[in-house]
Amino acid sequence: MPADVVEHLRWGHAGLAAVVEIGPDGPVALRELAAGPPAMTARVSQPLVEVLVAGEGRARASQRLSETAVGCRLRYAGAEQSARGGWHELRLHLRDETSGLSAELTLRSREGVAAVQASARVTNGGEEPVLLLAVTSFAAGFLGRPVDELDVLRADSDWLGENRWTSRPLAEHVADRGLAGHGQHGKGVFALTSSGTWSSGRYVPMGGLTDRNTGQTWLWQIEHNGPWRWEVGDRMEGAYVALSGPTDVDHQWNELLAPGESFATVPVSIAVSAHGVEGAAAALTAHRRALLRPHPDRPRLPVVFNDYMNTLMGDPTTDKLLPLIDAAASAGAEVFCVDAGWYDDGGDWWDSVGEWLPSQTRFPRGLEEVLARIAGHGMTPGLWLEPEVIGVRSPMADKLPAEAFLQRGGVRVAEHGRYHLDLRHPAAVAHLDQVVDRLVEDLGVGYFKLDYNIDPGAGTDRDATSVGAGLLAHNRAHLAWLEGVLDRHPHLVLENCGSGAMRMDYAMLSRLQLQSTSDQQDFLRYPPIAVAAPLSTLPEQAANWAYPQPGMTEEEIAFTLCTGILGRLYLSGNLHRMTPDQLALVREGVRLHQSLRPDLLRATPCWPLGLPGWEDPWLALGLRAGESTHLGIWRRPGAADTAVLPLPHLTGRDLDVRIAYPSAAGGWTHAWNPRTAELTVTTTLPAPTARVLRLRPL
């Protein structure tokens with residue numbers, strides 16, 4: 001290539017356009033990533049792959065994953081494009097002659113979908129070992145946009161308070177400091193990180209940038225069931241984004257590459273849109289569906305009843321379960337999951353779990369009697385399981401070798417009375433395989449709620465360069481174990497639950513069938529979690545609890561059912577104690593949800609009142625499916641009588657607006673203005689009250 005020639009490599013399909021800039025005197029950079037034809041209005045110089053190594057660090061002093069010494073030296077060494085099975089793929093080859101390191105960046109995108117999955121592989125082609133300290137899965141300038149024109153999207157997440165999305169000006173975190181006048185890139189950065197194995201224990205592993213003037217938006221997710229980092233910072237030409245798995249400074253991760261060895265990053269995905277967050281959310285929704293492992297559960301989406309939430313609360317017995325099973329079947333449940341406690345004989349099971357043998361005191365005639373009652377109603381029997389932990393008092397703590405557990409300094413990692421299995425070790429895998437196979441083949445279990453209630457911290461230093469490297473290898477072994485379970489039992493349904501939704505990521509959710517969205521027991525606090533959930537996970541995977549109780553009013557029963565209907569309805573509650581009228585109201589909600597399942601599988605979310613605030617008195621979630629919009633509306637205490645909901649996708653159209661649930665209840669009125677595309681809803685009923693509406697053009 002002549003010294004003064006810059007080339008552009010174009011890649012994509014009908015839904016996505018990418019332009020990679022290749023020059024002789026600079027690193028390869030992503031010039032454009034867009035849902036439509038590339039504009040290429042601004043130069044972008046952010047290196048496409050960043051590699052931080054011991055002995056060189058960064059090209060300029062900073063604390064960020066931009067402008068690493070190796071990243072700045074990586075030069076184009078070839079590319080391949082391919083298309084098969086509906087996926088388009090670009091492999092870019094880069095090489096640093098100084099260190100001998102090479103990088104291969106892989107971009108994958110589904111035909112017609114404005115999103116891309118990215119990952120990188122670094123190989124040591126030199127003659128000496130190289131210690132990696134960080135490698136990005138994706139790094140790019142954000143379309144040459146200046147910091148002061150951008151908003152950054154993030155989601156705080158915590159036990160009982162998941163999916164708390166906010167959008168704020170990026171300049172509140174990274175000020176515009178006139179970098180061009182100083183002739184060098186900035187040092188400031190806004191970064192979110194997650195540590196340990198609760199991938200969404202502090203923040204959802206996602207983020208986004210929006211140009212508030214044009215609506216151009218990138219929305220990303222990090223697809224890893226362990227530690228991660230994303231950052232946004234400033235360069236002379238504008239903002240950049242860098243996404244990665246574990247790093248040395250954040251997670252005690254480093255990887256020693258001997259000559260000829262390679263390291264692969266965790267995958268990440270980026271959705272793009274010219275129509276703001278909702279446009280990017282629609283693209284990411286389509287992309288997530290393309291990532292899913294095929295499973296027989298998917299077209300069916302059976303309604304799950306779980307006995308835990310505000311019901312048995314981990315204290316099941318035969319006498320308690322049998323009438324509850326009968327009532328759940330009468331309400332329309334298709335799976336019945338016996339939650340925690342089914343293995344407990346002593347009443348204090350937290351630190352004794354691990355063998356997963358049915359209790360003989362709770363089920364004097366055997367757990368088989370309970371599971372047969374479930375199956376006799378045509379429901380799939382399910383059990384709660386926390387496979388990755390062994391209680392410190394469990395017999396398995398001595399039966400398994402010490403090497404089958406995560407360790408630090410030769411000592412097993414213990415947390416809250418549990419040891420944590422290391423799934424790199426064959427004895428740990430063999431134990432869990434035996435447990436699952438026994439419960440499936442001997443007891444007929446067809447559904448597992450896989451819980452995860454401890455975080456082992458930074459990782460393990462056994463057989464690893466670093467504790468973070470040991471944890472990353474365990475994380476990957478965990479995914480391989482899950483795939484093996486589903487390979488052996490292809491009809492088995494696996495629910496992802498981690499203290500509610502503390503491990504909600506698309507490493508897990510591309511493999512598992514549904515996600516419990518919270519442990520929140522207050523039905524008034526659950527709606528903002530459920531309304532925001534479709535930005536974090538697919539609507540049909542978002543298992544939102546609905547736990548009606550006999551002590552509730554009819555409006556309160558409808559309120560909690562509305563929370564579950566527009567997701568993967570996850571039912572609980574003491575249904576066996578309800579009056580016939582109360583049970584009929586539950587049954588009506590279940591039937592509506594079941595009628596919506598074909599639309600759930602193709603729906604994209606919208607938020608007429610914006611992404612929900614934790615204390616918002618009015619909340620609304622729309623699911624757009626073809627010509628239909630299914631709209632959930634919740635009025636909580638303190639709300640005014642009236643709310644106005646903008647629905648711009650229906651501008652200028654006359655609508656048939658109907659209350660779908662509860663269909664016979666009064667107290668709500670609505671008016672549609674096609675010119676302003678606003679739906680005005682008014683209720684004379686005291687809060688809490690909620691409705692599900694169906695909107696269809698006439």
Side-chain angles (χ1 to χ4, degrees), residues 7-22 28 30-38 48-49 76-95 102-123 135-140 218-224 243 245 262-273 280 282-299 476 479-480 482-484 486-487 490 505-513 538 540-541 601-602 604:
E7 295 186 357
H8 294 106
L9 187 157
R10 298 172 185 270
W11 171 77
H13 48 76
L16 183 77
V19 179
V20 176
E21 187 164 285
I22 303 164
V28 177
L30 184 65
R31 180 74 181 270
E32 186 84 13
L33 186 66
L48 192 52
V49 177
Y76 180 73
E80 297 100 32
Q81 299 188 33
S82 62
R84 55 183 175 272
W87 285 90
H88 296 259
E89 185 171 282
L90 171 65
R91 290 181 180 268
L92 286 166
H93 302 284
L94 314 172
R95 180 166 176 79
S102 62
E104 179 183 84
L105 181 74
T106 301
L107 302 178
R108 301 173 65 238
S109 183
R110 187 76 170 184
E111 173 66 37
V113 177
V116 62
Q117 186 185 58
S119 61
R121 178 179 292 274
V122 175
T123 300
V135 182
T136 58
S137 301
F138 177 85
W218 285 4
L219 185 64
W220 56 81
Q221 63 182 24
I222 300 175
E223 295 156 7
H224 182 43
L243 315 177
S262 298
F263 168 76
T265 68
V266 305
V268 302
S269 291
I270 306 93
V272 299
S273 173
L284 189 57
T285 297
H287 179 72
R288 285 170 172 163
R289 289 182 176 132
L291 293 178
L292 293 184
R293 177 189 172 109
H295 194 281
D297 174 81
R298 179 152 182 76
R476 288 171 163 166
L479 298 178
L482 291 170
E483 290 172 349
L486 291 170
D487 288 342
D505 58 71
Y506 267 84
M508 299 292 288
L509 286 173
S510 64
R511 294 164 170 87
L512 307 189
Q513 286 68 63
L538 286 171
E540 64 268 29
Q541 288 185 297
L601 289 168
R602 59 180 182 145
T604 57

Item to check | Straight-line distance of Thr123 OG1 to Phe263 CZ, nearest 0.5 Å | outcome: 11.5 Å

Checklist entry - Would you say Arg289's side chain and Leu601's backbone share a donor-acceptor pair under 3.5 angstrom? => result yes

Checklist entry - Going by distance alone, is a donor N or O of one side chain under 3.5 Å from an acceptor N or O of the other, for Glu223 and Ser510? => result no

Checklist entry - Rounded to the nearest 0.5 Å, what separation is found between the CG atom of Leu284 and the CD1 atom of Ile270? => result 10.0 Å

Next on the checklist: Given 3.5 Å as the limit, does a donor-acceptor pair link the side chain of Thr136 with the main chain of Val49, or not?
Outcome noted: no

Checklist entry - At what distance, to the nearest 0.5 angstrom, does NE2 of His224 lie from CG of Leu243? => result 13.5 Å

Checklist entry - Which heavy atom of Ala35 sits nearest a heavy atom of Ser273, and at what distance? => result CB-CA, 4.5 Å

Checklist entry - Within the distance-only criterion (no hydrogens, no angle test), does the side chain of Arg511 pair as donor or acceptor with the backbone N or O of Ala507 below 3.5 angstrom? => result yes

Checklist entry - Checking side-chain contact (heavy atoms from CB on, under 4.5 Å) for the pair Arg110/Leu291: CA distance, chi angles, key distance, verdict? => result CA-CA 9 Å; Arg110 187 76 170 184; Leu291 293 178; over 6 Å; no

Next on the checklist: If I take atom CG from residue Leu90 and atom CZ from residue Arg108, how far apart are they, to the nearest 0.5 angstrom?
Outcome noted: 12.5 Å

Checklist outcome for this item: Output for pair (Ser137 OG, Leu105 CG), nearest 0.5 Å, gives 9.0 Å

Item to check | Shortest non-hydrogen separation from Ser119 to Pro267 and the atoms involved | outcome: CB-CA, 4.2 Å

Checklist entry - Would you call Asp505 and Ile222 a side-chain contact if the rule is heavy atoms closer than 4.5 Å? => result no

Checklist entry - Between the main-chain N or O of Val19 and the side-chain N or O of His8, is there a donor-acceptor pair closer than 3.5 Å? => result no

Next on the checklist: What I want to check is whether the side chains of Gln117 and Tyr506 have a donor and an acceptor closer together than 3.5 Å.
Outcome noted: no

Next on the checklist: Can you see whether Arg288 engages Gln221 through a side-chain donor-acceptor pair at a distance of less than 3.5 angstrom?
Outcome noted: yes

Item to check | Min side-chain heavy-atom separation Val272-Leu219 under 4.5 Å | outcome: no

Checklist entry - Is it the case that Ser262 and Arg121 place a side-chain donor and acceptor less than 3.5 Å from each other? => result no

Item to check | Heavy-atom pair of closest approach, residues Trp87 and Ala290 | outcome: CZ2-O, 3.5 Å

Checklist entry - Taking C-beta and beyond as the side chain, do Leu9 and Tyr76 meet within less than 4.5 Å on heavy atoms? => result yes

Checklist entry - Any luck finding a side-chain donor-acceptor pair between Glu80 and His93 under 3.5 Å? => result yes

Checklist entry - Would you find a donor on one side and an acceptor on the other, under 3.5 Å apart, between the side chain of Gln541 and the backbone of Leu509? => result yes

Checklist entry - Going through the distances and angles, do Val122 and Thr265 end up as a side-chain contact (heavy atoms from CB on, under 4.5 Å)? => result CA-CA 8 Å; Val122 175; Thr265 68; 5.8 Å; no

Checklist entry - So how far is it from Trp11 CH2 to Leu30 CG, rounded to the nearest 0.5 Å? => result 10.0 Å

Checklist entry - Pick from Leu33, Val116, Leu48, Leu16: which one makes a side-chain contact (heavy atoms from CB on, under 4.5 Å) with Leu107? => result Val116

Item to check | Residue pair Ala283 / Ala114: nearest heavy atoms and the distance that separates them | outcome: CB-O, 3.5 Å

Checklist entry - Are side-chain heavy atoms of Glu540 and Arg298 found at a separation under 4.5 Å? => result yes

Checklist entry - Side chains of Ser109 and His88: is there a donor and an acceptor less than 3.5 Å apart? => result no

Checklist entry - Is any side-chain heavy atom of Glu21 closer than 4.5 Å to a side-chain heavy atom of Glu32? => result no

